[in-house]
Each structure stands twice: as structure tokens, then as C-alpha cells.
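Hydrogens, waters and symmetry mates play no part in the numbers below; they use all other heavy atoms, side chains included.
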Amino acid sequence: MKKTLPLLALASLAFAPAAFSAPAGTLSVHILDQQTGTPPPGVTVTLEKQQQDTWTPLANGKTDQDGRIKSLYPADQDMQPGVYKVTFKTANYFHANKLESFFPEIPVLFTVTRTNEKLHIPLLLSQYGYSTYKGS
């Protein structure tokens with residue numbers, strides 16, 4: 001029994017959540033241009049958390065060739081419950097393609113209910129409209 005107790009304690013750590021770091025991919029985003037059917041690379045996306053009446057910047061990144069940011073939330077922090085905002089900065093994308101757009105940026109507010117809850121926010125984009133939903 002004395003030998004198995006340390007082994008049981010060690011084994012239980014393998015199933016415990018990481019303490020002080022958000023798992024990679026805790027928050028991911030994806031953009032698809034509905035007009036072309038292609039993902040736009042190089043779109044800047046920012047992440048903020050609501051603190052009282054202000055927004056605190058947490059991270060930013062650019063979409064890859066597949067229109068994705070696989071892990072936007074900082075890996076050295078736990079994503080705590082609260083209200084967050086992801087802002088897709090779409091003006092440069094449309095300008096680079098010589099297209100007008102009604103939405104220079106698209107803010108998406110969402111609520112995190114559990115620490116390090118895995119979330120995905122897809123954006124279906126066109127020049128004059130967009131849609132989004134809670135993805136998986």
C-alpha cells in the first residue's frame with residue numbers, strides 16, 4: 001500500500017486540469033469570405049475582456065492561409081469566466097481586394113461560463129453582411 005499511494009497521486013495529476021495556463025486552442029477563430037468561398041489570410045483579430053465599463057486588451061493575431069487563428073487566447077493565462085470581445089478588422093482585407101465594405105470591423109461579444117472553456121468563433125463574411133455563431 002505504501003508503494004502504490006505515490007503512484008496513485010502521480011497518476012491523478014495526469015487527469016487534473018493545467019493550473020495557470022490556458023490549453024492551446026482554448027479560443028480559436030475562423031473567417032470565410034462568402035462571396036469567394038475562400039478563407040481570407042492576414043486579417044487582424046483582437047481579443048479583449050470586459051472589466052467594469054472598459055475593455056482590456058488581451059491578444060491579437062492574424063489569420064493564417066486557411067483564415068484561422070488556432071489559438072488566440074494567451075497560453076500563459078487561464079481564460080476566466082466573463083464577457084469577451086473578438087474584433088475582426090476587415091477593412092484592410094476588402095481594401096486590398098479593391099472592394100467596398102459596409103463593415104470596417106466586426107466585433108463579436110460572447111460570454112465565457114467556465115474556466116478554459118474551449119470556444120470557436122467562426123465568421124462568415126461578405127461586403128455588406130456577416131454571420132457568426134458558437135462553433136466547436
What distance separates Ile69 CD1 from Ile31 CD1, expressed to the nearest 0.5 Å? 7.0 Å

Set of residues satisfying side-chain contact (heavy atoms from CB on, under 4.5 Å) with respect to Asp66, sequence neighbours excluded: Pro39, Asp64, Arg68

Approximate separation, where rounding is to 0.5 Å, of Leu58 CG and Thr46 OG1: 10.0 Å

With a 4.5 Å limit on heavy-atom distance, are the side chains of Gln50 and Leu109 in contact? no

By the side-chain hydrogen bond (donor to acceptor under 3.5 Å, both in side chains) test, which pairs, at least two apart or in different chains, include something from residues 88-109? Asp33-Tyr93, Lys89-Glu105

Linking I/L/V/M/F/W/Y whenever any side-chain heavy atoms sit under 4.5 Å apart, do Leu27 and Leu32 land together? no

In Å and rounded to the nearest 0.5 Å, what is the CE to CG distance from Met79 to Asn116? 6.5 Å

Residues pairing under salt bridge (charged side-chain N to carboxylate O under 4.0 Å, His left out) where one sits in residues 115-133, two or more places apart or in two chains, turn out to be Glu117-Lys134

By side-chain contact (heavy atoms from CB on, under 4.5 Å) - contacts of Gln34 (at least two apart): Leu124, Ser126

Quick one: does any side-chain atom of Ser28 pair with a main-chain N or O of Ser71 as donor and acceptor, under 3.5 Å? no

Partner set under ring pair (Phe, Tyr, Trp, His ring centres under 6.0 Å) for Tyr130, not counting sequence neighbours: Phe103

Other residues, nucleotides, ligands: >12 heavy atoms within 6.0 Å of Tyr133 OH: no

Tell me the closest heavy-atom pair linking Gly61 and Leu72, and the distance in Å. N-CD1, 4.1 Å

If you look only at pairs with a residue in residues 53-62, which of them pass as a side-chain hydrogen bond (donor to acceptor under 3.5 Å, both in side chains), with sequence neighbours excluded? Thr44-Lys62

Pair Leu125, Ile106 - check side-chain contact (heavy atoms from CB on, under 4.5 Å), show working. CA-CA 10 Å; Leu125 178 64; Ile106 299 168; 3.6 Å; yes

Check the angle between the aromatic planes of Tyr84 and Phe110 and answer parallel, tilted or perpendicular using the 30° and 60° thresholds. parallel

Which value, rounded to the nearest 0.5 Å, describes the distance between Gln127 atom CD and Gln35 atom CD? 4.5 Å

List the atom of Pro81, the atom of Thr113, and the distance in Å for their closest heavy-atom pair. CG-O, 3.8 Å

Any side-chain heavy atom of Ile121 sitting closer than 4.5 Å to one from Thr132? yes

Between atom OG of Ser131 and atom CG of Leu123, what is the distance when rounded to the nearest 0.5 Å? 7.5 Å

